[in-house]
Novice: 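Below is a structure I'd like to ask you about.
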Amino acid sequence: MWGELALELIGVERRYQQGAKELVILDGADFTLQRGETVALVAPSGAGKSTLLHTAGLLERPDAGEVLLSGIPCSRLSDDKRTTIRRNEVGFVYQFHHLLPEFSALENIMLPQLVRGLGRAEAEERARQLLDYMKIGPRAEHRPAELSGGEQQRVAIARAVANAPLVLLADEPTGNLDPNTASYVFDAMEALVRHSGLAALIATHNHDLAARMDRRVTLRAGKIVEM
Ligand SMILES: Nc1ncnc2c1ncn2[C@@H]1O[C@H](COP(=O)(O)OP(=O)(O)OP(=O)(O)O)[C@@H](O)[C@H]1O
């Protein structure tokens, strides 16, 4: 499965209307991402990193072009089909953890699995494995407010991969952490990606972390170019 094509963007266009003005954010963006591969997306603020991640992860539809996940062209599918594919195949991590405050770390990781229809016992077993893998097993019963920033992000990463997606899309996942914690959280995320054969596209301003990924890309005039 390693080396298989996970995500492909072909000629993707994305524009926003701002009054009378049209902002062209993606303008014929082409990109491929393989299983087991980590790619850094490094671009200035406002260049369109979030737009790219949301379009690749089926949260937004391209105005033109095609997004293929596991070889399936998704751009013209119904909203329902896109939601199902997104739920099964895409995990998102953001700069802020967005964990549910009233649930424990364990429950936060179980939830997406329960939504998908998995039984409680199975969901809990997988959640505990992921917590162990992220080296926060002893924090399983803590609520988000009872976790450090680095621990919160490790739970958020575990939650993002709870349903064993094909692709992990991360938007500044360590942007809110001090350099040492960022490095530690990145190590854990990288190990998980390699271990599970995920494909990861990670937007970051951190050049040290970007340097550790397999490839680095940036956005230039709406196109994705290798750095
Ligand atoms: N819904 C929207 N309507 C109009 N303009 C938008 C919309 N969403 C984003 N934009 C504009 O598109 C551009 C790209 O936004 P995007 O959030 O993708 O950038 P980014 O590279 O992720 O920035 P940052 O690093 O600051 O998060 C920005 O100029 C933004 O103002």
Side-chain angles (χ1 to χ4, degrees), residues 6-33 37-69 74-77 79 82-83 86 89-99 149-150 152-153 156-157 159-160 165 167-179 181-183 185-186 189-190 193 198-227:
L7 169 70
E8 191 172 8
L9 271 63
I10 304 171
V12 167
E13 296 179 20
R14 194 77 184 85
R15 307 178 201 91
Y16 295 117
Q17 203 66 40
Q18 278 225 311
K21 231 175 78 184
E22 191 183 53
L23 291 175
V24 181
I25 308 300
L26 300 176
D27 190 15
D30 297 316
F31 180 65
T32 56
L33 185 66
E37 185 179 41
T38 58
V39 177
L41 172 59
V42 184
S45 185
K49 296 185 296 296
S50 303
T51 302
L52 171 60
L53 293 174
H54 289 168
T55 307
L58 312 187
L59 283 172
E60 293 182 26
R61 255 180 223 273
D63 297 300
E66 192 54 86
V67 174
L68 296 103
L69 270 163
C74 297
S75 296
R76 275 167 282 278
L77 294 180
D79 287 346
R82 284 168 60 86
T83 301
R86 184 173 66 242
E89 305 292 6
V90 185
F92 285 99
V93 180
Y94 296 94
Q95 181 172 357
F96 299 99
H97 57 77
H98 297 295
L99 296 170
Q152 289 167 347
Q153 278 308 71
I157 292 163
R159 178 185 55 178
V167 176
L168 180 69
L169 300 172
D171 201 349
E172 292 283 346
T174 61
N176 197 36
L177 306 174
D178 66 70
T181 309
S183 180
V185 169
F186 181 79
M189 180 165 67
E190 193 180 29
V193 167
L198 271 162
L201 177 60
I202 301 164
T204 182
H205 288 296
N206 185 324
H207 287 272
D208 292 339
L209 296 186
R212 286 160 51 183
M213 298 190 217
D214 296 324
R215 288 194 284 138
R216 284 144 292 284
V217 297
T218 190
L219 282 161
R220 208 163 287 150
K223 295 195 165 46
I224 301 167
V225 293
E226 302 278 335
M227 292 173 80

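Ligands are counted one by one from 1 in listed order, and the atoms in each one are counted from 1 as well.
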Novice: What are the atoms of ligand 1, with element, lying closer than 4.0 Å to any heavy atom of Pro44?
Specialist: 21 (O)
Novice: Could you tell me the residue and atom name of the protein heavy atom closest to atom 4 (C) of ligand 1, and the distance to it rounded to 0.1 Å?
Specialist: Tyr16 CB, 3.4 Å
Novice: For atom 30 (C) of ligand 1, what's the nearest protein heavy atom and its distance?
Specialist: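 Of every protein heavy atom, Leu23 CD1, 4.9 Å lies nearest to atom 30 (C) of ligand 1.
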Novice: Show the atoms of ligand 1 that are less than 4.0 angstrom away from any heavy atom in Ile25.
Specialist: 12 (O), 13 (C), 14 (C)
Novice: When you compare the side chain of Glu13 with that of Leu26, does any pair of heavy atoms fall below 4.5 Å?
Specialist: no
Novice: Only heavy atoms of Ser50, strictly under 4.0 Å: list the atoms of ligand 1 that pass.
Specialist: 17 (O), 18 (O), 20 (P), 22 (O), 27 (O)
Novice: Select one of side chain, backbone, both or neither to describe which atoms of Thr51 lie under 4.0 Å from any atom of ligand 1, heavy atoms only.
Specialist: both
Novice: Considering all protein heavy atoms, does one lie under 4.0 Å from atom 21 (O) of ligand 1?
Specialist: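 It does: a protein heavy atom is found less than 4.0 Å away from atom 21 (O) of ligand 1.
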Novice: Closer than 4.0 Å and a protein heavy atom, does any atom meet both conditions relative to atom 13 (C) of ligand 1?
Specialist: yes
Novice: Could you report the tightest heavy-atom contact between Ala43 and Leu219, atom names first, then the distance?
Specialist: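 Heavy-atom minimum between the residues: CB-N, 4.1 Å.
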Novice: Looking at Arg159 and His97, would you say the former's side chain and the latter's main chain have a donor-acceptor pair under 3.5 Å?
Specialist: yes
Novice: With a 4.0 Å cut-off, would you call Arg61 and Asp79 a salt bridge?
Specialist: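 Here Arg61 pairs with Asp79 in a salt bridge, since their nearest N and O are under 4.0 Å apart.
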Novice: Among Gly48, Gly175, Ala43, Ser45, which one has a heavy atom closest to atom 26 (O) of ligand 1?
Specialist: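 Considering heavy atoms of Gly48, Gly175, Ala43, Ser45, the nearest to atom 26 (O) of ligand 1 sits in Ser45.
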Novice: Check the pair Glu8 / Glu66 against side-chain contact (heavy atoms from CB on, under 4.5 Å), numbers first and verdict last.
Specialist: CA-CA 8 Å; Glu8 191 172 8; Glu66 192 54 86; over 6 Å; no
Novice: Using a 6.0 Å cut-off, check whether atom CZ of Arg212 has over 12 heavy atoms from anything other than its own residue.
Specialist: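 Counting neighbours around CZ of Arg212, more than 12 heavy atoms of other residues, nucleotides or ligands fall under 6.0 Å, so yes.
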Novice: Could an N or O of ligand 1 be found under 3.5 Å from any N or O of Lys49, whether backbone or side chain?
Specialist: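 Yes, at least one N or O pair falls under 3.5 Å.
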Novice: If the plane angle is over 60° it's perpendicular, under 30° parallel, otherwise tilted; pick one for Phe92 and Tyr94.
Specialist: parallel
Novice: So, do Leu7 and Val67 sit near enough that their side-chain heavy atoms are less than 4.5 Å apart?
Specialist: yes
Novice: Distance to 0.1 Å, residue and atom name: give those for the protein heavy atom nearest to atom 23 (O) of ligand 1.
Specialist: Gly46 N, 2.8 Å
